Each structure stands twice: as C-alpha cells, then as structure tokens.
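Here the structure comes first, spelled out in structure tokens, and everything after it is commentary.
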Amino acid sequence: MHIRTGELDHPEVIALLREHLQGMAELSPPESIHALDLDGLNRPEITFWSAWEQEDLLGCGALKQLDAEHGEIKSMRTATAHRRRGVAAALLEHLLGEAGRRKYRRLSLETGSMEGFEPARSLYARYGFDYCGPFADYRDDPNSVFMSKAL
C-alpha cells in the first residue's frame, strides 16, 4: 500500500468521495452531515491523502488544522471492495504520524452515532481515542459522536 498526498482530481478519488457523501446521506440527517466535498477538502488548512495498491484506490483520509496544536481527522473512507483489509488502520496510523510530525498535542474527530458508524468508532477507540464533547465549531447533536486523543 502506498499513501500519497493529494489526488483530489483523480477520477477514482472523486468517485470515492461521492460514495462517501452518499453514504453519509443514507445514514445521517442533512443537518448532521459534516463530511467535506471536493471544495471543502481543497482548503489550505486541510491535507488529503489517498491510499493505493498499484492503480487501485483503497481509501482516503484528511487532516484539518484547527490551530497550531489541534488537528481534526476528516474524510476517512475505505473503498467498499477493500474493507476488512486494514486500509483504515493504515490510513489512521499515517494521520497519527503526520499529526506527530506537526507537533499537534491533540487530534479529534466527529463521526456518526448510528449503528452504521460502529466500525469507525471501534477503530478509533482501539487507537486510543476517547469520547469527548463537541470541539471547534461543532454543537451537541444526537447523531454525532466526538472523540479525541492527546498526542
């Protein structure tokens, strides 16, 4: 697996991000969807990575800098054909490593509270993320779960 920066203009990445947004829309009410579209991921405070095996897209993830010491995980998605192969764990390890290189003291995320998000919550918990209250511009929402990890 090779994880590389960018690729937001690659047709496979665009398709995966569309799938990600569609999946969020199927599981969450519109007011509780915090996933970013291509424009949102192209912002200067966000770095996007895609994971590949030769020419096959495996998944993606991003880091948003909230401030000099706090980052947020965004747009974690494994391609459906590659689930249960460790792609999400590899991407999360990559994001944690990058957060360490950036000298972040905290890394946080928002994910859904519904059953469909349980695999994501379990993954984050295995990597030491704890449940917390809303951070940054988020508000309490019964459809959202907030998690954070001190680095």
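Everything numeric here is computed off the predicted structure, so don't read it as measured data.
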4.5 Å side-chain heavy-atom contact, [X] and [Y]:
X	Y	result
L95	M76	yes
F117	L27	yes
R77	L16	yes
L58	L91	no
K149	L151	yes
I46	L63	no
M147	S108	no
E19	Q22	no

Quick check for you: to the nearest 0.5 Å, what is the distance between [X] atom [atom1] and [Y] atom [atom2]?
X	Y	atom1	atom2	answer
L41	S75	CG	OG	4.0 Å
R4	H94	CZ	NE2	12.5 Å
L123	R121	CG	CZ	12.0 Å
I33	L36	CD1	CG	12.0 Å
D9	L38	CG	CG	9.5 Å
I14	D37	CD1	CG	11.5 Å

Could you check whether [Y] and [X], counting side-chain N and O atoms only, form a donor-acceptor pair closer than 3.5 Å?
X	Y	result
Y104	E98	no
R83	T78	no
W49	T47	no

Test side-chain contact (heavy atoms from CB on, under 4.5 Å) on E53 and R85; report intermediate values, then the result. CA-CA 12 Å; E53 193 168 73; R85 290 186 47 209; 3.2 Å; yes

Are N143 and S113 close enough, and set up right, to give a side-chain hydrogen bond (donor to acceptor under 3.5 Å, both in side chains), and what steps lead you there? CA-CA 5 Å; N143 299 300; S113 63; 4.6 Å; no

Show the numbers, then the answer: is there a side-chain contact (heavy atoms from CB on, under 4.5 Å) between F48 and V13? CA-CA 11 Å; F48 179 85; V13 171; 3.7 Å; yes

Extract all donor-acceptor atom pairs below 3.5 Å that involve side chains of residues 129-138 and protein atoms in other chains or at least two apart in sequence.
| residue | atom | partner | partner atom | Å |
| --- | --- | --- | --- | --- |
| Y138 | OH | E72 | OE2 | 2.3 |
| Y138 | OH | K74 | NZ | 3.2 |

Test side-chain contact (heavy atoms from CB on, under 4.5 Å) on T111 and S144 and set out the steps. CA-CA 6 Å; T111 191; S144 290; over 6 Å; no

Between R105 and H70, does a side-chain contact (heavy atoms from CB on, under 4.5 Å) hold up when you go through it step by step? CA-CA 6 Å; R105 297 178 60 110; H70 191 184; over 6 Å; no

Stepwise ring pair (Phe, Tyr, Trp, His ring centres under 6.0 Å) check, W52 with H82: CA-CA 11 Å; W52 299 82; H82 300 289; over 10 Å; no

